[in-house]
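Below you'll find the structure, written out as structure tokens, and then a few comments.
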Amino acid sequence: MEIKFERFHLQSDLRSPLKEFETISVPTEVRIDPLTKRRSRIITWGLPSQGKFDFSKMAGESKGCFFCPESVLQKTPQFLNEIVPEGRICIGRAVGFPNLNPVGSYGSVVVLCPEHFLHLNQFTPQIYEEGLSVAIEIIQRTMAFDPDTRYWQISQNFLSPGGSTILHPHLQVIGDPIPTNEMEWLLDASSSYSQRNGTLYWSDLIRIEKGLAKRYISHMGNVHWFVSFAPIGFNEVCGSVEGHGTITTVGKEEIASLAKGIVSTLKYYYEKNLNSFNFCIYSISGEAHYQLLLRIISRTPLQPYYLNDWTSFEVLQSELTANIVPEELCRDIRPYFP
Ligand SMILES: [Zn+2]
């Protein structure tokens, strides 16, 4: 077994105007992901929170969108007859249909609820159980039509800092016959690890993290929740589903556990005055060395004088930053999980 948690301590010394020009040291930690070997920078300072943003004007002005109940079954696209003869897929209050502006072979949208806007503490496990169930149904029906489409993302972009153009809560479901960069990195590294060690990286990682008890949050059934050693975004929380590489094989219990973990994380974000986030479930079929992974990160909140969190470091150096020490995040978020 060769899971290594490598880190480098960097330090910047300066005379601070905030402390009468005394010399101070500001540490930064560079961590290397044990699987992908990608570097992350853990920054130890943060800007003060501006409090909660008032969404009432924004939500009021944009209400009555294409995803609102009066339009969603009239004005949204329908699937091809060969894939979904009834046009759209509805489970509970969630509605799935093709994306009018797709970015790959099969792009769909799942409107999560009739409410046009929800605060992060208003999302419920039931909302995500229904939304994920629609996403799974879309993937299963599409794969029955086109079995070569093995690489799927179920993701959510919430609010404009997360890249969403529509306020109304929704998921994206995207399937392609080729992997994304991130999927290829995960698959190649997982496969190399298995060849070298004869074991599944994800099982080894979860066993080690459980033992260390510094970044392991909890498990619900066979869904394990933990904070990455080397996060690729702010406040990153991961979930991994033991025994599955694709979401199409998971049962009701696992869907409920995934939904609960997402909602627990969002409640924590809300308490920290965050309001925008991204998550992705990387669902890949036919890969024995891979285990289904969900990643959720917060984005800098929507606020007056909004500050984008992707600087030249992320965009031009491909070096991702996090603004909380992973072990502290784990300690802080644990009470929010069942
Ligand atoms: Zn709406």
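Read the numbers this way: they start at 1 and go in the same order the structure lists the ligands and their atoms.
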Using distance alone, with no hydrogens and no angle criterion, decide if H289 and Y201 have a side-chain donor and acceptor under 3.5 Å apart. no
Tell me which N, O or S atom from H116 is the closest to the Zn ion (ligand 1). ND1
Could you check whether the rings of F117 and H119 sit parallel, tilted or perpendicular, using 30° and 60° as the cut-offs? perpendicular
The salt bridge (Lys or Arg N to Asp or Glu O under 4.0 Å) partner of E236 among R299, R31, R215, R295 is R295
Given a cutoff of under 4.5 Å between side-chain heavy atoms of I, L, V, M, F, W and Y, with clusters grown through shared members, what are the other residues clustered with F97? F66, F67, V72, L73, V95, V109, V111, I166
Please give the atom name: the N, O or S atom of H168 nearest to the Zn ion (ligand 1). ND1
Once rounded to 10 degrees, what value does the angle at the Zn ion (ligand 1) take between SG (C68) and SG (C65)? 120°
